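Since we're looking at a predicted model, the values are computed, not measured. Chain A is the first sequence line, chain B the second, and so forth, proteins listed ahead of strands; every chain is numbered from 1.
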Amino acid sequence: MPSFPPRVFSGVQPTGNLHLGNYLGAIKKFVALQATHECIYCVVDMHAITVPLPPADLRANIREVTAAFIAAGIDPKKHIVFNQSQVAEHAELAWVFNCVARMGWLNRMTQFKDKAGKNSENVSVGLFAYPALMAADILVYRATHVPVGEDQKQHLELSRDIAQKFNNDFADSIAACGHGEAFFPLPEPLIQGPATRVMSLRDGSKKMSKSDASDYSRLNLSDDRDTIAQKIRKAKTDAEPLPSELAGLAGRPEADNLVGIFAALAGESKAEVLNRFGGQNFSGFKAALVDVAVDALDPIGAEMKQLLKDSGHLEAILNDGAARAREIAAPVMTAVKDILGFVR
RNA sequence: AGGGGCUUAGCUCAGCUGGUUAGAGCGGUGGUCUCCAAAACCACAGGUCGAGAGUUCGAAUCCCUCAGCCCCUGCCA
């Protein structure tokens, strides 16, 4: 396998309010990677329409995710921030990958099975083909590293399968076109730091989700400080005081979750947090948690509000990012056409 | 395309042969309780009954048209 220059790609779907899970699980990591990698961060609006979404909502959500990227500290000048639909090469390569991927591979995707549920006959073809578009998102930049959460790992593995099958099926043509042994890298997951799986504030066994019926289940990036405080105060706990040791969190999902959130926001380990709060009541711990949560989230929310006031500025950022993304994607797509045998 | 079935609260569904302010469970919101929560209890909110037209004193319920979805049988590629 030849080596490819390192490049990070990741995307966030503009499908609803961004919450703490999105921030700790993705955006915060995107920010950190800027220091060490060339990064491309994409608002994947084409993925958002695999499920019904009113156009006005989609438009607003794209701006919101963009604002969150910037507010959280992503630098759109040094790196690339854009929305997917502006770079047609994503769709173009996705079609090619639809023809590389096998039905059987996609049938195994647990996220599809979850989302489709018993309505599997009634969901869009796009939802089924989603992983092929995701593979195209990554590989149209020949990205080598993808920061993903646990839930996206299976999709990334599929991207690797697609890249490998493409390299394999067209090996002769790839070599003949002067690309050596492999045209696409096999993108690797970047799962760094403690696994920050943020759970619902109402049920420690469920992931924090934008679709939960109760807004008390999540901390939104747009929540003001009073809302953050109220949600934490109402968060589910249990009857015991906090343990002093990590082992004491076993079987206590809600306590574990709150400690995990505290640790992630304060930049400490869970053990350090327990060292400090072990033996204390929840009311005291929650008060401290409100402080760290407000310190971490309120500035981002405030900056987002500012940015959202000027949609022209946000669009300029997206347009500029799209133009620079296209410069990378277009030659890759041209090479793919040559490899496949398309006449141009 | 033809035949059959379905469409009632956020979700799952009741509403018999037309009759007063359309219900339940779950979920949601508020309250009591609790170190904060949970559980429990109390209260509240939310539906133009898929859309439109019609019969009738009166339609979720009957007739017609349309749409969406599901199943079966075909047709085209």
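Nucleotides B:G52 and B:C13 are separated by 26 Å at their C1' atoms, to the nearest Å. For the P atoms, the distance from B:U8 to B:U61 is 13 Å, rounded to whole Å. B:U20 and B:G28 have their P atoms separated by 33 Å, with the value rounded to a whole Å. Going from the P atom of B:A45 to that of B:C62 covers 31 Å, rounded to whole Å. The C1' atoms of B:A24 and B:G46 are separated by 15 Å, rounded to the nearest whole Å. Comparing B:A77 with B:C16, their C1' atoms sit 49 Å apart, to the nearest whole Å. Across the C1' atoms, B:C26 and B:A14 are found 15 Å apart, a figure rounded to whole Å. A distance of about 12 Å separates the C1' atoms of B:C63 and B:U56, rounded to the whole Å.
Residue A:Y216 contributes atom OH, which lies 15 Å from atom C1' of B:C36 at whole-angstrom precision. Atoms NZ (A:K286) and C1' (B:C35) sit 10 Å apart, rounded to a whole Å. Computed from coordinates, the A:K236 NZ to B:C33 P distance equals 21 Å when rounded to whole Å. Summarising the geometry, the separation between NZ on A:K234 and P on B:C33 is reported as 15 Å, rounded to the nearest angstrom. In this structure, the CZ atom of A:R252 is 13 Å from the C1' atom of B:A38, given to the nearest Å. Following rounding to the nearest Å, A:R233 (CZ) and B:C35 (C1') show an atom-to-atom distance of 14 Å. For the pair A:E240 CD and B:C36 P, the computed distance is 16 Å after rounding to whole Å. Between A:Q230 atom CD and B:A37 atom C1' the separation is 14 Å, expressed in whole Å.
In this model, a donor atom of one side chain and an acceptor atom of the other lie less than 3.5 Å apart for A:T15 and A:K210. Judged purely by distance below 3.5 Å, without hydrogens or angles, the side chains of A:N83 and A:Q86 pair a donor atom with an acceptor atom.
Remark: A:S214 is not in phosphate contact with B:G27, judged by side-chain N or O atoms under 4.0 Å from OP1 or OP2.
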In residues 132-149 of chain A, what donor-acceptor pairs under 3.5 Å come from side-chain atoms, sequence neighbours left out?
unit_1: A:D137; atom_1: OD1; unit_2: A:Q84; atom_2: NE2; d: 2.8
unit_1: A:D137; atom_1: OD1; unit_2: A:H90; atom_2: ND1; d: 2.7
unit_1: A:D137; atom_1: OD2; unit_2: A:H47; atom_2: NE2; d: 2.7
unit_1: A:D137; atom_1: OD2; unit_2: A:Q84; atom_2: NE2; d: 3.3
unit_1: A:Y141; atom_1: OH; unit_2: A:H90; atom_2: NE2; d: 2.8
unit_1: A:R142; atom_1: NH1; unit_2: A:F183; atom_2: O; d: 2.7
unit_1: A:T144; atom_1: OG1; unit_2: A:R7; atom_2: N; d: 2.8
unit_1: A:T144; atom_1: OG1; unit_2: A:R7; atom_2: O; d: 3.2

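Note on A:A239: a base of the nucleic acid sits closer than 4.0 angstrom, heavy atoms only.
The existence of a salt bridge linking A:D212 and A:R202 is excluded, since no basic side-chain nitrogen approaches an acidic carboxylate oxygen closer than 4.0 Å.
Taking a pair as Watson-Crick or G-U wobble with both distances under 3.5 Å, RNA chain B forms stems of 3 or more consecutive pairs at B:1-7 with B:67-73, B:10-13 with B:23-26, B:28-32 with B:40-44, B:50-52 with B:64-66.
For A:F282 and A:F277, the ring centers sit 6.0 Å or farther from each other. For A:F262 and A:F285, the ring centers sit closer than 6.0 Å to each other. Annotation: A:H155 is in aromatic contact with A:Y130 [ring centroid separation under 6.0 Å].
Listed by chain and residue number, A:I80, A:D320 satisfy the side chain to side chain contact (heavy atoms under 4.5 Å, CB included) test with A:R324 (two or more places apart in sequence, or in another chain).
Taking 3.5 Å as the limit, the base of B:C36 and the side chain of A:S283 contain no donor-acceptor pair of atoms between them.
Taking the side chain of A:T237 as heavy atoms from C-beta on, and the options B:A37, B:G28, B:C35, the nearest nucleotide is B:A37.
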